[in-house]
Novice: 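Pasting in a structure now, in structure tokens, and then I'll have a few things to ask.
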Number of protein chains: 2
Amino acid sequence: MQLLRWRRDVRHFDRRAVGEADMRALLACASLAPSVGNAQPWRFVRVRTPDIREALAAHADGQSAQAAERYAGQARHDHYLSLKLHGLREAPELMAVFCDELPEAGHGLGIATMPEMLRYSCVLAIHNLWLAARLRGIGLGWVSIVDPPLVQAMLDVPAHWSLIALLCIGYPADTSDTPELERHGWQPREPWSDRVFER
Amino acid sequence: MQLLRWRRDVRHFDRRAVGEADMRALLACASLAPSVGNAQPWRFVRVRTPDIREALAAHADGQSAQAAERYAGQARHDHYLSLKLHGLREAPELMAVFCDELPEAGHGLGIATMPEMLRYSCVLAIHNLWLAARLRGIGLGWVSIVDPPLVQAMLDVPAHWSLIALLCIGYPADTSDTPELERHGWQPREPWSDRVFER
């Protein structure tokens, strides 16, 4: 419960490297996630090339500027621009997570009517990684302000892999346990009971 | 790490009721999940009506029979039919999780290029609930062999809510820490390092 409460999406990283043993432990924990039919459709791509990292960061900046235009004329426009939305340049580790939409494993169990279960299995793996990171004091930031096909092209992955997440991993420079979007007045957490219904 | 390893998808439940205080704690933990823009798009529908429960179970049985036909003529056909794929009739608690695709919260942050982030946020909430349940010895089974629009209709939810999961919750009748699909030879877990790449 405390782990769930402390888990944060991190955008401010210090430059301290994450040890390779920690990275391997995080990947092993991620891979313990449940998956539909035990298909294990997650594919982790670690970004090691500085040029690719910079291309990803520049792409996210561009997408973010476009998204800001959606708020044009609203008070939220300046608010949006003031938010730090990614740590793609500073985070010591950068990793993209893809879903293999045609996995050999799992034999198609459970995906006849809900093929999206493969993608949801990848999300569960990311959450395992996130919690395992937090237990070690390592932060994770999930960047979604990117265009998935472009990221797939930049990382040169098979066409049947779809992008689930671009993750920044490293030690957080900021250890508040209140979400940054809440601290900065973007959107507070609302009572959970508002989201429960009966039938 | 042990929690992640012990977490199982449960299909065999005993009939012991889950206490209401536990259910509330699980829902509170689920609601601590990260969400894009803090949109908190999860909507939990607890199924309390026996007729609705039976309709859901009969629907899953029908979908499962159709899925079995995909394996016709293969050795996997009988194997598939021998698997228990849901506990919708026995589980003391049944809950559907929907994603509100047009949430008021979050102000659209982070979903311009990846609107599926709303659905992924709901998956994170389910994983929180799953882990919180496991800490209390409570099992969870995620049933995906259903047709989402039909379930939406059965549960009479707004058209802009999409089904993420149908969850069976209760005390497991079977406490093996090896996944059922692995024990029954459907699909083993494979080495995690096969799923890591570099660029």
Side-chain angles (χ1 to χ4, degrees), chain A residues 1 4-5 7 9 27-29 31-32 34 36-40 42-49 52 63 66-67 70 76 80 105-114 117 120 123-124 127-128 132 144-148 155-156 164 179 181-182 186-190 192 195-199, chain B residues 1 4-5 7 9 27-29 31-32 34 36-40 42-49 52 63 66-67 70 76 80 105-114 117 120 123-124 127-128 132 144-148 155-156 164 179 181-182 186-190 192 195-199:
Chain A
M1 180 82 176
L4 301 184
R5 200 181 289 284
R7 183 252 355 114
D9 188 87
L27 286 161
C29 281
S31 306
L32 289 174
V36 63
N38 215 359
Q40 306 152 69
W42 39 75
R43 305 290 180 263
F44 299 101
V45 177
R46 296 178 68 178
V47 178
R48 305 290 215 171
T49 312
I52 298 180
Q63 292 295 316
Q66 281 185 32
R70 289 183 54 215
R76 290 207 172 260
Y80 180 90
H107 310 291
L109 183 84
I111 56 174
T113 54
M114 297 186 72
M117 286 300 296
Y120 298 169
V123 175
L124 297 171
H127 203 18
N128 270 13
S144 62
I145 308 179
V146 293
D147 185 45
L155 293 177
D156 189 23
I164 304 299
L181 290 180
E182 193 169 335
W186 183 265
Q187 171 68 55
R189 196 170 286 277
E190 295 177 341
W192 62 264
R195 287 160 160 80
V196 181
F197 306 85
E198 299 198 347
R199 290 289 185 277
Chain B
M1 181 79 177
L4 301 183
R5 199 180 289 283
R7 183 255 352 117
D9 189 87
L27 287 161
C29 281
S31 307
L32 288 174
V36 64
N38 216 357
Q40 306 151 70
W42 38 76
R43 305 291 180 262
F44 299 101
V45 178
R46 296 178 67 178
V47 177
R48 304 291 215 171
T49 312
I52 297 180
Q63 292 296 317
Q66 281 186 33
R70 290 182 54 215
R76 291 208 172 257
Y80 180 89
H107 311 289
L109 183 84
I111 56 174
T113 54
M114 296 186 73
M117 286 301 295
Y120 298 169
V123 175
L124 297 171
H127 203 20
N128 271 11
S144 63
I145 307 179
V146 293
D147 186 45
L155 294 178
D156 189 24
I164 305 298
L181 290 181
E182 193 169 334
W186 183 264
Q187 171 69 54
R189 195 171 287 278
E190 296 177 339
W192 62 263
R195 287 157 161 83
V196 181
F197 306 84
E198 299 199 348
R199 290 289 185 276

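Since this is a predicted model, take the numbers as computed values, not measurements. Note on naming: letters A, B, ... go to the chains in the order of the sequence lines (proteins, then strands), and numbering restarts at 1 for each one.
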Novice: For W192(B), enumerate each residue passing the ring-ring contact (aromatic ring centres under 6.0 Å, His included) test, keeping only those at least two apart in sequence or located in another chain.
Specialist: none
Novice: Provide the closest heavy-atom pair for Q187(B) versus H107(A) in the form atom of the first, atom of the second, distance.
Specialist: OE1-NE2, 3.5 Å
Novice: Could you tell me which of L155(A), D147(A), T113(A) has the largest number of non-hydrogen atom pairs under 4.5 Å with chain B?
Specialist: T113(A)
Novice: Do you know which of E198(A), Q63(A), E182(A) has the most heavy-atom pairs with chain B at a distance under 4.5 angstrom?
Specialist: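 Most heavy-atom pairs within the cutoff with chain B belong to E198(A).
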Novice: Count the heavy-atom pairs under 4.5 Å between each of A112(B), A39(B), P188(B) and chain A, then report the option with the highest count.
Specialist: P188(B)
Novice: Counting heavy-atom pairs under 4.5 Å with chain A, which one of L109(B), I145(B), L27(B) comes out on top?
Specialist: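 Top option by heavy-atom pairs under 4.5 Å: L109(B).
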Novice: Taking D156(A), V146(A), I111(A), T49(A) one by one, which has the highest count of heavy-atom pairs under 4.5 Å against chain B?
Specialist: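 Highest number of pairs under 4.5 Å: V146(A).
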Novice: Examine whether an atom of V36(B) lies under 4.5 Å from a heavy atom of chain A, and if so say whether it belongs to the side chain, the backbone or both; otherwise answer neither.
Specialist: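 Side chain only.
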Novice: With respect to chain A, which residue among E190(B), R76(B), Q66(B) yields the maximal number of heavy-atom pairs within a distance under 4.5 Å?
Specialist: R76(B)
Novice: Is chain A contacted by the side chain of I52(B), its backbone, both, or neither, given a heavy-atom distance below 4.5 Å?
Specialist: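 The side chain, not the backbone.
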Novice: So for R43(B), is it side chain, backbone, both, or neither that comes closer than 4.5 Å to the heavy atoms of chain A?
Specialist: both
Novice: Working note: W186(B) + N38(A), criterion side-chain contact (heavy atoms from CB on, under 4.5 Å); need CA distance, chi angles, decisive distance, verdict.
Specialist: CA-CA 8 Å; W186(B) 183 264; N38(A) 215 359; 5.7 Å; no
Novice: Which heavy atom in R189(B) sits nearest to a heavy atom in W42(A), and how many Å separate them?
Specialist: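 Shortest heavy-atom contact: NH1-CZ2, 4.2 Å.
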Novice: Please report the closest heavy-atom contact between P148(B) and M114(A), naming both atoms and the distance.
Specialist: CG-CG, 3.7 Å
Novice: Could you walk me through whether N128(B) and H127(A) pass side-chain contact (heavy atoms from CB on, under 4.5 Å), step by step?
Specialist: CA-CA 9 Å; N128(B) 271 11; H127(A) 203 18; 2.7 Å; yes
Novice: Quick one: of R46(B), R199(B), R70(B), M117(B), who has the most non-hydrogen atom pairs under 4.5 Å with chain A?
Specialist: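 Sorted descending by pairs with chain A, the first entry is R199(B).
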